[in-house]
2 protein chains.
Amino acid sequence: MRSTSARPRATIRDVAQAARVSPQTVSNVINAPDRVRPDTRTRVLAEIERVGYRPSTAARGLRHQRAGAVGIELNVSSGGGDVGALLVGQLTVRAPSYGVHLVPFADDEVFPMVEAYRDMVRRHLVDAFVFADTHSGDPRPGWLLEHEIPFASFGRPYSHPELTCWADVDGHAGLTLAVEHLVERGFETVAYLGWPLHLEDPAVAEDRHAGWVDATASLGVGGPSGTSDQELGAAVRAADALLDELGPGDAVACASDLLALGVLYAAAHRGLVVGTDLGVVGFDGSLLARRHGLTTVVQPFRDIADSLLGIVRDQLAGRPSPQAGHLLRPALAASATTDRTGTSTAYPQIPSLTRR
Amino acid sequence: MRSTSARPRATIRDVAQAARVSPQTVSNVINAPDRVRPDTRTRVLAEIERVGYRPSTAARGLRHQRAGAVGIELNVSSGGGDVGALLVGQLTVRAPSYGVHLVPFADDEVFPMVEAYRDMVRRHLVDAFVFADTHSGDPRPGWLLEHEIPFASFGRPYSHPELTCWADVDGHAGLTLAVEHLVERGFETVAYLGWPLHLEDPAVAEDRHAGWVDATASLGVGGPSGTSDQELGAAVRAADALLDELGPGDAVACASDLLALGVLYAAAHRGLVVGTDLGVVGFDGSLLARRHGLTTVVQPFRDIADSLLGIVRDQLAGRPSPQAGHLLRPALAASATTDRTGTSTAYPQIPSLTRR
DNA sequence: GTAGGCGATTTGAACGTTCCAATTTCGGCC
DNA sequence: GGCCGAAATTGGAACGTTCAAATCGCCTAC
């Protein structure tokens, strides 16, 4: 049974005493090593190592009037899908490089969300925020701006086009990658399955759609297009309608991995072998894509995390805002659904099972 | 452009001055309201409200020698699946009720993980840990125990059977629920698709398997069983083999939602209408289940979060460990894959598309 | 020989909170 | 009116760190 003995951990004074210098010198060794003589430095460093000293985050935060933390809202109720989880993962991995840690929080479904933001700041729990699900009526950018609380958003803050504190994936470039890849693999016509424009953030839908329009136009491989909400049932129906206008050797580029999954189902229903007969490319690089062998445009979550953390770091340092937001290039991860040799396995792969 | 003006936020002294009491009295109003006269209390509370005062987490942490935070390791590289994300979500939601916040962290793939744990504690970033992916060779329980660092694990710490600082879902009860539900819906034989015992944590696999064995035995509906790794391709193959021994009106209970998805595919391949002809129940309550209309045994993540946070709270308070770990009952969420009326939609629902 | 300068190091104070001990206030009682 | 005990409130110190200013030691120049 563990006790809470909690013998006090080594402090800067312990190190100082053992190294026979003042606490301030130890502090300097850590924060401004060039201000201390080399021999002193090595002596202190040895002592730090010996006792396993680490500066107390709380004491530092108190002294600096800074929490050294970035808040991130998890929208738990909506489940979030795994895109949010992947972003949180990369933010977690990258945060230490920016000298901060992450503090996730969630609304308790009773208060308006800004209350939670306000509280976090007042309690000095965090210095800034990052969030991932901006939408047009979002009160947060305006509110944070008004209260001079630093933040960065993944996705352009729709309500404040003048802001530059955002990072976003370049959907246009992503769909260009998708179309180019499909053409390279020898697919003839590239159709598109996207989102309707009445969604919360039509900018994303437009961006990706435009990428498909431009890329297919310049390569002369344009085909029909359809739209569906981000829901599997709707996606299957929309994909089914789309496939009416397509034949073997054609392909569909999609605005999301979930929509692409809908295409896989609609194709399986028609007995089309995805990969060989029909190319399918999704968007997001989600777990779903990996699981189903879906070729997908992977969101550069690591770069996104770096951008977002860099933005809040600069804001906290008082540096001027950049000229523009960060538009990051996604990458294409080829997999079974564009593999014309049929050696890799896409799921659902109903026809291939039949052939065994 | 936002500046870092950061005008100082209200402190306890500001409140004290405005309410014409000492800072200590304000502190009492917050931490021991019964020690202060009612009229003074209301006066102080009004002032707290007016200036929007909140105690500084850093100052409190420094004074109490306690971070008020619980660390949670995210295993980013493995992607985690959404089970991990759901747990993190509920931990985030519930943490405030325990007076703590969450601090996620991840290994940077170079240090052994315990280094990261050690560092978090030394820096006073967290007081305790929660983790979610114990396995047999896991060094963490032993190490944390040895260093007297409080922790709670989701899943029994395999290496230390004597420990009680864990919460786990009752897989046996979950599969009993699944089998009972299938029988209630009129399915005749209930087969099982589980994990092989050479997995990292065979206890989970055994637990769920035993639940199926006992429940089918007592109801007299036992059928064949198979195993597959937690991977879609393998699951489809195992499910296909299993279906060789089943006919219309039978059902499959699975150890996870992903395995259940494999059954859906194998069934679709054979033209079986899932729900009507074949019952399928998954396990986890993952997003995948929701997306595919899968009847599933839902992990009680909220209860799990409460158990884990309660365990570390008690440990930090020096309370003795409980007699046993917390075994939590899951719940069954019925959906399309056990809906014999065929009114709801399961995906993949290839046959129903055909019939339209 | 001493003033001046420079780099290395130390001292003192403060960040906001709460514990502990000391002090004041209050109501009741003789 | 004065005294007692309990309740309410206050002052001082400390948690661990770092900033700003002061001090120390050493060297050079006059």
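Each chain gets a letter, A, B and so on, in the order the sequences are listed, and its residues count up from 1.
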Numerically ordered, the residues 39-61 of chain A set in heavy-atom contact under 4.0 Å with DNA chain C is A:Thr40
When every non-hydrogen atom of A:Ala58 is compared with those of B:Leu62, the smallest separation belongs to CB-N, 4.0 Å
By side chain to side chain donor-acceptor pair (under 3.5 Å), B:Arg54 pairs with (sequence neighbours left out) A:Asp119
Within residues 24-32 of chain B, the residues having a heavy atom closer than 4.0 Å to DNA chain D are B:Gln24, B:Thr25
Hits for side-chain contact (heavy atoms from CB on, under 4.5 Å) against A:Ser153, two or more places apart or cross-chain, chain-then-number order -> A:Phe131, A:Thr134, A:Pro157, A:Trp166
Applying side chain to side chain donor-acceptor pair (under 3.5 Å) to A:Arg35 and not counting sequence neighbours gives none
message = Taking atom types as they are modelled, would you say the side chain of B:Arg63 forms a donor-acceptor pair with the base of C:dT18 within the 3.5 Å cutoff?
response = yes
Axis-to-axis angle across the helix from C:dG1-D:dC30 to C:dC30-D:dG1, five pairs each end, nearest 10 degrees, ~ 70°
Quick one: which protein N/O atoms are closer than 3.5 Å to N/O atoms of nucleotides 23-27 of chain C? Pair and distance per line, please.
none

Here the residues of residues 117-127 of chain A within 4.0 Å heavy-atom distance, strictly under, of DNA chain C are none
Considering only heavy side-chain atoms of A:Leu62, the closest of D:dG16, C:dT17, D:dT18 is D:dG16
For B:Asn31, the side chain to side chain donor-acceptor pair (under 3.5 Å) test, sequence neighbours excluded, returns B:Ser27, B:Arg60
Residue set satisfying side-chain contact (heavy atoms from CB on, under 4.5 Å) with A:His101, at least two apart, ordered chain then number -> A:Thr57, A:Ala69, A:Val103, B:Val103, B:Leu125
The correct set of residues in residues 11-21 of chain A placing a heavy atom under 4.0 Å from DNA chain C is A:Val21
B:Arg43 meets the side chain to side chain donor-acceptor pair (under 3.5 Å) criterion, sequence neighbours left out, with none
